Number of protein chains: 2
Amino acid sequence: MSSTQMLKGIIDGCILAIIHNKEVYGYELAEKLEEYGFHSFSEGTIYPLLIRMQKEELVTSTLKKSTAGPRRKYYSLTPKGELELQKFMERWHQLESSVNRVLHHESDTGQ
Amino acid sequence: MSSTQMLKGIIDGCILAIIHNKEVYGYELAEKLEEYGFHSFSEGTIYPLLIRMQKEELVTSTLKKSTAGPRRKYYSLTPKGELELQKFMERWHQLESSVNRVLHHESDTGQ
DNA sequence: ATTAATATCATGCATTGCAAGGTATATAAA
DNA sequence: TTTATATACCTTGCAATGCATGATATTAAT
């Protein structure tokens, strides 16, 4: 049971949420995730994930020149990506509720 | 991105939390997790996990007769398991905060 | 020319939830 | 007896994914 295992299936949604707010490039994403409190985040996680999400048509990308380094690949959400973000948020809130009920030993009243 | 992926590394903690409250057997665990709002839970998840946790000395087990079926294997937390539960709760709250910050576009103020 | 910061990508391992299938016990109905 | 049902546990192997590692390219400063 490690901290990284708990991220499985969650990073995707977080990345969608960040891109939804404003188009970003991969390197920037790593920094933003740090700001939000996710530590020790690997680029070996982020780049393959972005490529996977583009294959699934959740995001699109465009290359733009950088002022200090190689070109950046900026990502934006597709309509399908927006929908997936909505679904993620539902699943997240569901999970959050369930885990907190377990930790506080409360049953699911179905609200 | 599926619902089951989001459970990775989280079920362990939830099971520890349930056992902490009161000793339980595997079959009962599946039912309790349903009560707490976790749906479509497989015994193919629970039993291997309990065995793994016993190997890691987080839980101990004792067989007891059942009134209606084969003997039940009741699990209790070891001191190591109690400690692991504490650590899980910390990791969970940390994750919960980070994800919610991302979803609401707030930075980590470090409280 | 060298260094450092920026920026992206590919490969392969380790972990783990779960589907699928199997075994065994107890009770009750046929 | 035979069958069915609910209870209870276990094993095998697949699929998904975070990440360690290592590679490559661009720009600016020393």
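None of the values given here were measured: they were computed from a predicted structure. Lettering follows sequence order; numbering is per chain, from 1.
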Integer-rounded Å distance: [N] [atom2] and [X] [atom1]:
{"X": "B/K73", "N": "D/dT7", "atom1": "NZ", "atom2": "C1'", "result": "16 Å"}
{"X": "A/M6", "N": "D/dG18", "atom1": "CE", "atom2": "P", "result": "14 Å"}
{"X": "A/K64", "N": "C/dT8", "atom1": "NZ", "atom2": "P", "result": "13 Å"}
{"X": "A/L29", "N": "C/dT6", "atom1": "CG", "atom2": "P", "result": "16 Å"}
{"X": "A/L50", "N": "C/dC9", "atom1": "CG", "atom2": "P", "result": "8 Å"}
{"X": "A/I51", "N": "C/dT11", "atom1": "CD1", "atom2": "P", "result": "10 Å"}
{"X": "B/Q5", "N": "D/dA16", "atom1": "CD", "atom2": "P", "result": "8 Å"}
{"X": "A/E28", "N": "C/dT6", "atom1": "CD", "atom2": "P", "result": "12 Å"}

Close side-chain approach of [X] to [Y], heavy-atom, < 4.5 Å:
{"X": "B/E84", "Y": "B/L16", "value": "yes"}
{"X": "B/I15", "Y": "B/Y75", "value": "no"}
{"X": "B/Y74", "Y": "B/V24", "value": "no"}

Whether the side chain of B/K80 engages the backbone of B/E56 through a donor-acceptor N/O pair (distance < 3.5 Å, no angle test) should be reported.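 Here the side-chain-to-backbone pair exists.
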Out of [options], which has the shortest distance to the side chain of [X]?
{"X": "B/P48", "options": "C/dG17, D/dT11, D/dC19", "value": "D/dT11"}
{"X": "B/R52", "options": "D/dC19, C/dC18, C/dT16", "value": "C/dT16"}
{"X": "A/Y27", "options": "C/dC18, D/dT21, C/dT6", "value": "C/dT6"}
{"X": "B/I11", "options": "C/dG17, D/dC10, C/dA7", "value": "C/dG17"}

Please tell me which of B/G26 and A/L49 maps to the more 5' nucleotide of DNA chain D, matching each residue to the nucleotide holding its nearest heavy atom. B/G26
I'd like to know if A/K73 and A/E28 make a salt bridge, using a cut-off of under 4.0 Å between side-chain N and carboxylate O.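 Answer for the salt bridge query: no.
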Any salt bridge linking B/R101 with B/E96? Criterion: basic side-chain nitrogen under 4.0 Å from a carboxylate oxygen.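 Judged by the 4.0 Å cut-off on N to carboxylate O distance, B/R101 and B/E96 do not form a salt bridge.
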Would you please confirm or rule out a distance under 4.0 Å between OP1 or OP2 of C/dC9 and any side-chain N or O of A/Y47? no
Return no unless some side-chain N or O of B/Y25 is found under 4.0 Å from OP1 or OP2 of D/dA8. yes
B/I19 and its side chain to side chain contact (heavy atoms under 4.5 Å, CB included) partner, picked from B/L85, B/L58, B/V59: B/V59
Under 3.5 Å donor-acceptor pair, B/E43 side-chain atoms to C/dC18 base atoms: no
Assign each of A/K8 and A/R72 the nucleotide of DNA chain C bearing its closest heavy atom; nearer the 5' end lies the nucleotide of A/R72
Using a 4.0 Å heavy-atom cut-off, does B/T45 contact any base of the nucleic acid, only the sugar-phosphate backbone, or nothing at all? base
Can you give one letter per nucleotide of nucleotides 24-30 of chain D, going 5' to 3': B for a protein heavy atom under 4.0 Å from the base, S for sugar-phosphate only, - for none? -BBSS--
Go through A/L77 and A/T60 one step at a time and tell me if the side chain to side chain contact (heavy atoms under 4.5 Å, CB included) criterion holds. CA-CA 6 Å; A/L77 290 198; A/T60 55; over 6 Å; no
